[in-house]
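All values below were derived from every heavy atom in this structure, side-chain atoms included, with hydrogens, water molecules and symmetry-related copies excluded.
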Amino acid sequence: MQHVTTIEVSKEDIKFSAAHFTIFSATERERLHGHNYFVSVEFSAPVGDNGICFSYKEIKDRLRAICDGLDEYMLLPQHSPHLTIEEDGLNYRVRFAEDTLYFLKSDTIILPVRNTTLEEFSRYLLDCLLADGDFMRDSGMLRFVLKVSSGAGQWGSASWEPSSKGASA
């Protein structure tokens, strides 16, 4: 008889370091700063006849690749209603309220998010994993939760189930 189990994967090397600032309103934002973000996942799937769901390496390799792509960058939110991001030679010129900030393009990633927060990062990272829909479907996953931490005791998460249309925070 096949049963379902829940597995958590939380490895010290599944992480990225990045600079950001959170935007609170049209006139208030944090100062530029950085975090070491840790990523973990929890998933539920059927246990096969061989006593495993699937090779966890599949998930770990995908997460490490996504994290490597964000590591040591300035992260900007493409869809913030309070920022204007323009190209200016080798830089991005970012306007917020009365401030104008410049970031080297080579040091910056503009993410398709509304804010550079745990809520948005968890959804974004989960969407990156879901882009490989064949893996999620073929693994037989019944539920998947991706969590991002910006420090001890502070996590944001997004979850997915096969019947859902996408990630939810």
Side-chain angles (χ1 to χ4, degrees), residues 5-45 53 56-85 92 94-97 99 101-104 106-132 135-136 139 141-162 164-169:
T5 193
T6 300
I7 302 293
E8 182 176 339
V9 176
S10 184
K11 296 290 191 179
E12 196 170 311
D13 67 334
I14 301 177
K15 65 179 174 60
F16 61 98
S17 299
H20 84 117
F21 53 87
T22 299
I23 300 167
F24 299 109
S25 70
T27 59
E28 185 182 3
R29 70 171 177 86
E30 291 179 317
R31 291 173 52 104
L32 179 64
H33 64 282
H35 293 280
N36 294 314
Y37 293 96
F38 292 90
V39 179
S40 71
V41 297
E42 180 180 289
F43 56 88
S44 298
C53 299
Y56 310 152
K57 184 178 183 322
E58 298 287 330
I59 293 287
K60 292 185 285 187
D61 288 350
R62 284 172 169 79
L63 287 172
R64 285 181 183 114
I66 294 166
C67 289
D68 285 350
L70 298 173
D71 196 37
E72 297 183 355
Y73 281 97
M74 171 64 198
L75 303 178
L76 291 173
Q78 179 181 22
H79 301 303
S80 171
H82 306 301
L83 285 185
T84 302
I85 303 171
Y92 288 115
V94 178
R95 298 179 197 270
F96 173 81
D99 298 334
L101 304 101
Y102 289 87
F103 301 103
L104 282 171
S106 60
D107 288 343
T108 306
I109 297 177
I110 300 173
L111 295 176
V113 297
R114 297 168 293 174
N115 210 336
T116 51
T117 60
L118 294 177
E119 298 91 332
E120 290 288 274
F121 290 155
S122 61
R123 182 196 53 81
Y124 171 74
L125 294 174
L126 180 56
D127 285 347
C128 289
L129 281 177
L130 292 174
D132 185 2
F135 170 73
M136 299 298 270
S139 65
M141 273 192 230
L142 302 172
R143 185 165 190 275
F144 194 91
V145 178
L146 186 141
K147 297 176 12 178
V148 180
S149 169
S150 61
Q154 187 163 296
W155 294 84
S157 67
S159 61
W160 171 86
E161 293 180 24
S164 64
K165 298 282 185 204
S168 63

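Among residues two or more places apart in sequence or in another chain, the salt bridge (charged side-chain N to carboxylate O under 4.0 Å, His left out) test is passed with R114 by E120. Shown here are the side chain to side chain contact (heavy atoms under 4.5 Å, CB included) partners of T84, two or more places apart in sequence or in another chain: E86, R95. In this structure, Y92 has no ring-ring contact (aromatic ring centres under 6.0 Å, His included) partners at least two apart in sequence or on a different chain. The side chain to side chain contact (heavy atoms under 4.5 Å, CB included) search around T27 returns S25, not counting sequence neighbours. For E42, there are no salt bridge (charged side-chain N to carboxylate O under 4.0 Å, His left out) partners at least two apart in sequence or on another chain. T108 pairs by the side chain to side chain donor-acceptor pair (under 3.5 Å) definition with nothing, not counting sequence neighbours. Partners of F43 under the ring-ring contact (aromatic ring centres under 6.0 Å, His included) rule, at least two apart in sequence or in another chain, are F54. Checked against side chain to side chain donor-acceptor pair (under 3.5 Å), S10 has no partners two or more places apart in sequence or in another chain. With sequence neighbours excluded, the residues forming a side chain to side chain donor-acceptor pair (under 3.5 Å) with R64 are D13, listed by chain and number. Checked against side chain to side chain contact (heavy atoms under 4.5 Å, CB included), K147 has the following partners two or more places apart in sequence or in another chain: S40, V145, W155, S157. With sequence neighbours left out, Q154 forms a side chain to side chain contact (heavy atoms under 4.5 Å, CB included) with L118, S150.
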Determine, step by step, whether T116 and F121 satisfy the side-chain contact (heavy atoms from CB on, under 4.5 Å) criterion, reporting the C-alpha distance in whole Å, the side-chain angles of both residues, the deciding distance to 0.1 Å, and the verdict. CA-CA 7 Å; T116 51; F121 290 155; 3.7 Å; yes
Kindly indicate, with the supporting measurements, whether the criterion side-chain contact (heavy atoms from CB on, under 4.5 Å) is fulfilled by I59 and M141. CA-CA 12 Å; I59 293 287; M141 273 192 230; 3.7 Å; yes
Let me see the working for T6 and R143 under side-chain contact (heavy atoms from CB on, under 4.5 Å), right down to the final yes or no. CA-CA 9 Å; T6 300; R143 185 165 190 275; over 6 Å; no
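F16 and Y37 have parallel rings, their planes meeting at less than 30° on a 0 to 90° scale where 60° marks the start of perpendicular.
Looking at K11 and L63, their side chains never come closer than 4.5 Å, going by heavy atoms from C-beta outward. When side chains are defined from C-beta on, F21 counts as touching L83, because their heavy atoms get closer than 4.5 Å. By the 4.5 Å heavy-atom criterion applied to side chains, F144 and L129 are counted as neighbours.
Residue D61 comes nearest to K57 through the heavy atom pair OD2-NZ, 2.5 Å, listed as atom of the first residue, atom of the second, then distance. In this structure, F96 and H82 approach most closely via the heavy-atom pair CD1-O, 3.4 Å. Minimum heavy-atom separation, S122 to G156: CB-O, 3.7 Å. Taking each heavy atom of R123 and V113 in turn, the nearest pair found is NH2-CG1, 3.6 Å. Taking each heavy atom of A26 and A97 in turn, the nearest pair found is O-CB, 3.6 Å. Summarising the geometry of K15 relative to F38, their closest heavy-atom pair is CD-CE2, 3.5 Å, with the distance given to 0.1 Å.
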Taking only distance into account, with no hydrogens and no angle test, what donor-acceptor pairs under 3.5 Å do side-chain atoms of residues 67-79 form with protein atoms, sequence neighbours excluded?
residue	atom	partner	partner atom	Å
D71	OD1	S17	N	2.8

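One finds the NE2 atom of H35 at 9.5 Å from the OG atom of S149 (value rounded to the nearest 0.5 Å).
In this structure, the side chain of N115 engages the main chain of I23 through a donor-acceptor pair within 3.5 Å.
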